[in-house]
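What follows is one structure encoded as structure tokens, with my remarks underneath.
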Amino acid sequence: MKFQPVIGLEVHAQLKTGSKIFCGCSTAFGSEPNSQTCPVCLGMPGALPVLNKKVVEFAIRAGLATNCTIAHHSVFARKNYFYPDLPKGYQISQFEEPICRKGWLDIQVEGQEVKRIGITRIHMEEDAGKLVHGDVPGLDDGSGVDLNRSCTPLLEIVSEPDLRSSDEAVAYLKQLHRIVTWLGICDGNMEEGSFRCDANVSVMPVGSDTLGTRAEIKNVNSFKFVKQAIEYEIQRQIDLIEDGGTVVQETRLFDPNSGTTRSMRSKEEAHDYRYFPDPDLVPLVIGADWVQHAQKELPELPEHRQQRFITELGLPEYDAEVLTASRELADYFEECVAFHHNAKAVSNWLMGEVTRSLNDSGTAIEACPVTPRQLAELLKLIDTGAISVKIAKTVFEEMWKNGGEPQAIVEKQGLAQVSDSGEIEAIIDGIIAANAAQVEEFRGGKEKVFGFFVGQVMKASKGKANPAVVNELLLTKLKGP
Amino acid sequence: MDIFELTIGQLANQLKAGTVSSVEATKAMLERIEAVEPRVGSFITVTPESALAEAEAADRRIAAGDAHMLTGVPLALKDIFLTEGIRTTCGSRILHNFIPPYSATAWERLRGCGSVLLGKLNQDEFAMGSSNESSAFGVTRNPWDITRIPGGSSGGSAAAIAARQATATLGTDTGGSIRQPSSHCGCVGLKPTYGRVSRYGVIAFASSLDQVGPITRDVTDCAIMLGAIAGHDPKDSTSINTPVPDYTAALTGDVKGLKIGLPKEYYIDGLDRDVQAAMDRAIETYRRLGAEFVEISLPHTDYAVATYYLIATAEASSNLARYDGVRFGHRSPQAAGLIDMMTKSRSEGFGAEVKRRIMLGTYALSSGYYDAYYVKAQKVRTLIMGDFTRAFEAVDAILTPVAPTPAFKIGEMVDDPLQMYLSDIFTIPVNLAGTCAMSVPAGFSASGLPIGLQLIGKPFGEETILRAGHAFEQATEWHTRKAEI
């Protein structure tokens with residue numbers, strides 16, 4: 001029997017607000033344990049939550065960017081369960097009335113058609129704290145509770161079970177990641193857990209319309225692991241069914257070391273969360289003008305920009321996608337193109353030299369030492385034939401390391417391209433004279449030797465000779481009188 | 001007259017005139033507490049040292065001419081209000097060692113006026129109870145008859161007024177917890193409109209019902225206290241941002257033409273004879289003063305107690321989850337592992353009434369029962385609110401008894417919680433509707449126990465009921481009687 005996987009993702013995106021969702025404490029990562037806490041996020045007796053307006057704005061932005069309907073009336077609910085890192089004994093979340101509903105995202109897996117993935121809902125909630133096991137100062141043997149993260153604002157973005165492969169799941173996740181970082185509402189840092197996902201995976205026989213029993217894989221925090229975890233889980237479920245077993249509904253954990261998933265708790269032990277509207281928070285009412293304002297403030301979205309790069313600037317699809325991976329990169333690109341209209345040349349340089357240098361030095365594009373204007377100047381020098389591509393790379397390296405304008409660097413270091421045919425002719429003559437054997441070979445019909453001569457000439461000119469001129473002159477001289 | 005006998009109004013005049021200092025007043029109160037406390041048991045914690053220091057500061061403020069009516073006035077708070085650096089137990093063993101790092105907004109405001117804190121008052125554990133018998137710190141006795149309960153859950157706050165152990169106190173009212181003990185102890189007690197006073201720093205029992213209010217000797221003091229604590233608090237999302245009127249200015253003594261509703265569902269057969277007689281006399285008094293009476297109907301009254309015990313316990317089961325022994329309060333010393341630690345800490349820390357209500361609330365919210373209980377209760381609550389809205393289209397205030405009987409004997413109802421729940425039958429609908437109500441002394445039973453009448457006002461209609469209560473007070477002398485203790 002052939003099986004069809006069915007996958008839905010629940011993504012938790014930590015919002016880039018300066019303060020927490022229900023109090024004024026900082027959300028900075030990595031501070032001294034419990035240094036960013038107050039009575040509210042510690043769940044002290046008598047403390048009450050007050051909603052951070054910025055969180056609502058970010059949620060509206062996320063909803064609009066994923067084609068959701070923004071609810072005029074939404075309600076915060078309490079999700080009750082006991083855990084030591086959950087100070088109030090409940091998490092404030094949204095349940096029956098979330099802020100956003102019924103959206104979608106288009107994804108494309110290489111070689112396949114564009115596919116529309118439904119988004120069931122987006123809701124706001126607070127994060128819990130964390131437990132620190134072992135090596136806790138003041139504790140010989142035990143666990144500590146760090147509540148710095150408690151009350152940190154999260155968006156939970158829940159997809160429909162529309163995904164049919166691990167590749168689709170990763171494509172969806174990447175698309176969502178690009179959008180939330182693009183909107184500036186989430187830093188997208190998966191290692192720090194700012195963007196993490198739970199995957200609901202089930203399998204059903206191909207052609208069936210009844211969904212199989214699903215397992216939920218908790219808190220996977222890299223694209224690679226998501227792919228691995230889903231693939232492992234699909235195979236595990238198929239093997240189980242083929243061996244005559246049944247899949248049980250349960251929560252599973254992914255172990256990156258072994259690439260496998262294992263049971264965390266079964267449905268029998270599952271919590272009854274006893275959701276009910278939080279009486280400490282009044283219902284959230286969002287007027288149409290607020291949504292309209294947010295819509296107006298929304299930046300051009302990555303997909304739209306990607307399309308525009310193709311249709312208006314004539315970029316290949318691949319380039320357009322790479323350049324819209326982040327808003328900062330796309331901005332850099334467009335700024336550069338504004339100075340130098342050769343979009344493809346700019347794209348090549350951004351995807352090549354610039355990206356390589358950024359990666360090697362661990363620099364973000366926003367902090368790139370070469371400005372878009374300077375890069376444009378450099379590319380102009382290539383297009384006008386003032387320097388070769390090869391020389392340009394040397395100039396770029398100098399700009400990256402020590403700064404400076406490309407024209408000035410070329411002049412100072414004497415890197416200008418030599419197009420003077422007299423000067424080049426002299427070099428060619430010398431090379432021909434010194435390599436009589438190769439000349440014979442060429443004349444005997446072995447045209448591949450031509451490349452050898454070009455290389456020799458370029459070497460002798462230290463790369464400065466204009467290749468077009470070199471080609472032309474060499475051909476004439478080699479063919480002989 | 002002894003200093004401890006003075007009302008806020010009287011004491012403030014003497015402090016201003018310089019005939020008494022706040023230090024003297026505070027010392028007099030502390031001595032009075034010491035003298036009667038063994039018989040009353042209204043305090044959990046007395047704070048003489050900080051009280052005297054605050055009194056000295058108040059005297060300096062008065063001397064500098066920067067005094068508020070409440071500057072230098074010795075007050076005490078139900079132990080449900082957080083007081084920075086002062087143990088706050090909420091009447092529970094689970095918080096027996098809890099010293100809060102911050103203070104409730106209501107107390108912050110009084111402290112800002114220069115009030116002096118004498119200590120923290122006994123209460124039913126987590127404000128759950130109608131008799132003050134569920135406190136982990138022992139019972140409080142009714143100063144009018146120490147074999148009887150003072151009422152609950154703000155029993156300590158009412159008893160302390162009746163026993164003259166504080167000039168005024170604060171309590172909280174979730175289903176009648178200010179009005180019922182005020183009635184039983186012969187005090188004035190006001191439950192303001194929900195959202196009128198901040199709940200920040202007040203230990204939550206049922207968040208959608210809880211409201212902070214004063215318990216005082218007379219209506220004037222009540223108006224002064226409400227004026228000091230009312231108003232928007234950005235730290236409480238449910239506190240409402242409307243201006244605070246001058247409540248003392250509302251005390252004109254005039255109720256001519258005031259339309260008062262008498263809900264037929266409240267004047268039931270089986271109402272205690274003394275209570276009925278007090279109500280009849282009160283109606284007579286108001287008529288004489290020129291008020292008009294209208295029979296009204298609050299048709300969903302029968303469902304109020306059941307609705308209340310679903311909503312209040314549901315919210316309480318969630319609100320009390322934070323007492324788990326992890327970060328503060330009681331932690332069981334002999335626990336193995338996490339679940340065991342939480343289970344034992346809660347089992348040892350909570351008393352029977354609290355456990356009963358947590359279980360009820362957990363059940364009402366559990367999947368499969370949520371719609372049948374919690375959701376249904378919310379729907380009935382909406383109907384009850386509607387009853388009041390319609391009633392207030394016809395009347396300015398509603399007059400009812402506060403409690404069906406005067407104070408009962410200590411231990412009399414301990415084994416019959418359902419019967420005890422019915423003692424709040426007249427006060428509970430007001431909390432469900434979120435409106436305001438006040439208890440005013442209106443007579444005594446044949447055996448000499450105080451009886452209060454309840455004036456219910458529109459949402460934010462505190463001025464009207466204060467005016468009506470004040471006029472009644474002017475026309476009667478019930479509030480001037482003293483408990484012999």
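Each chain gets a letter, A, B and so on, in the order its sequence line appears, and its residues count up from 1.
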Portion of [X] that has a non-hydrogen atom of chain A nearer than 4.5 angstrom:
X        : answer
B:Ile203 : both
B:Pro234 : backbone
B:Ala314 : backbone

Looking only at heavy atoms, what is the nearest atom pair of [X] and [Y], with distance?
X        : Y        : answer
B:Ile384 : B:Pro429 : CG2-O, 4.1 Å
B:Ser157 : B:Leu170 : OG-O, 3.1 Å
B:Leu432 : B:Ala304 : CD1-O, 3.6 Å
B:Thr435 : B:Pro459 : OG1-N, 3.1 Å
A:Leu284 : A:Leu51  : CD1-CD2, 4.0 Å
B:Gly201 : B:Ala104 : O-CB, 3.3 Å

> About how many Å separate CZ of A:Phe276 and CD1 of B:Ile311, when rounded to the nearest 0.5 Å?
Replying inline: 10.5 Å
> Which of the residues A:Leu281, A:Leu48, A:Val145 is involved in the greatest number of heavy-atom pairs with chain B at under 4.5 angstrom?
Replying inline: A:Leu48
>> If you count heavy-atom pairs within less than 4.5 Å of chain B, which of A:Pro45, A:Pro49, A:Pro277 leads?
In response: A:Pro45
> Is chain B contacted by the side chain of A:Val50, its backbone, both, or neither, given a heavy-atom distance below 4.5 Å?
Replying inline: both
Distance-only criterion, 3.5 Å: which donor-acceptor pairs connect chain B and chain A?
unit_1: B:Tyr102; atom_1: OH; unit_2: A:Pro45; atom_2: O; d: 2.7
unit_1: B:Tyr102; atom_1: OH; unit_2: A:Ala47; atom_2: N; d: 3.0
unit_1: B:Arg199; atom_1: NH1; unit_2: A:Asp280; atom_2: OD1; d: 3.3
unit_1: B:Arg199; atom_1: NH2; unit_2: A:Asp280; atom_2: OD1; d: 3.2
unit_1: B:Gly201; atom_1: N; unit_2: A:Gly46; atom_2: O; d: 2.7
unit_1: B:Ser207; atom_1: OG; unit_2: A:Asp280; atom_2: OD1; d: 3.2
unit_1: B:Ser237; atom_1: OG; unit_2: A:Pro49; atom_2: O; d: 2.8
unit_1: B:Ser318; atom_1: OG; unit_2: A:Arg78; atom_2: NH1; d: 2.9
unit_1: B:Ser318; atom_1: OG; unit_2: A:Asn80; atom_2: OD1; d: 2.9
unit_1: B:Asn319; atom_1: OD1; unit_2: A:Arg78; atom_2: NH1; d: 2.8
unit_1: B:Asn319; atom_1: OD1; unit_2: A:Arg78; atom_2: NH2; d: 3.1
unit_1: B:Arg322; atom_1: N; unit_2: A:Lys88; atom_2: O; d: 3.4
unit_1: B:Arg322; atom_1: NH1; unit_2: A:Gly43; atom_2: O; d: 3.3
unit_1: B:Arg322; atom_1: NH1; unit_2: A:Met44; atom_2: O; d: 2.8
unit_1: B:Arg322; atom_1: NH2; unit_2: A:Tyr90; atom_2: OH; d: 3.2
unit_1: B:Arg327; atom_1: NH1; unit_2: A:Leu42; atom_2: O; d: 2.3
unit_1: B:Arg327; atom_1: NH2; unit_2: A:Pro87; atom_2: O; d: 2.5
unit_1: B:Ser367; atom_1: N; unit_2: A:Asp272; atom_2: OD2; d: 2.8

> Is the side chain of B:Ser153 donor-acceptor paired with the backbone N or O of B:Asp124 at a distance under 3.5 Å, no angle test?
Replying inline: no
> Could you walk me through whether B:Phe328 and A:Leu42 pass the side-chain contact (heavy atoms from CB on, under 4.5 Å) check?
Replying inline: CA-CA 10 Å; B:Phe328 51 77; A:Leu42 288 173; over 6 Å; no
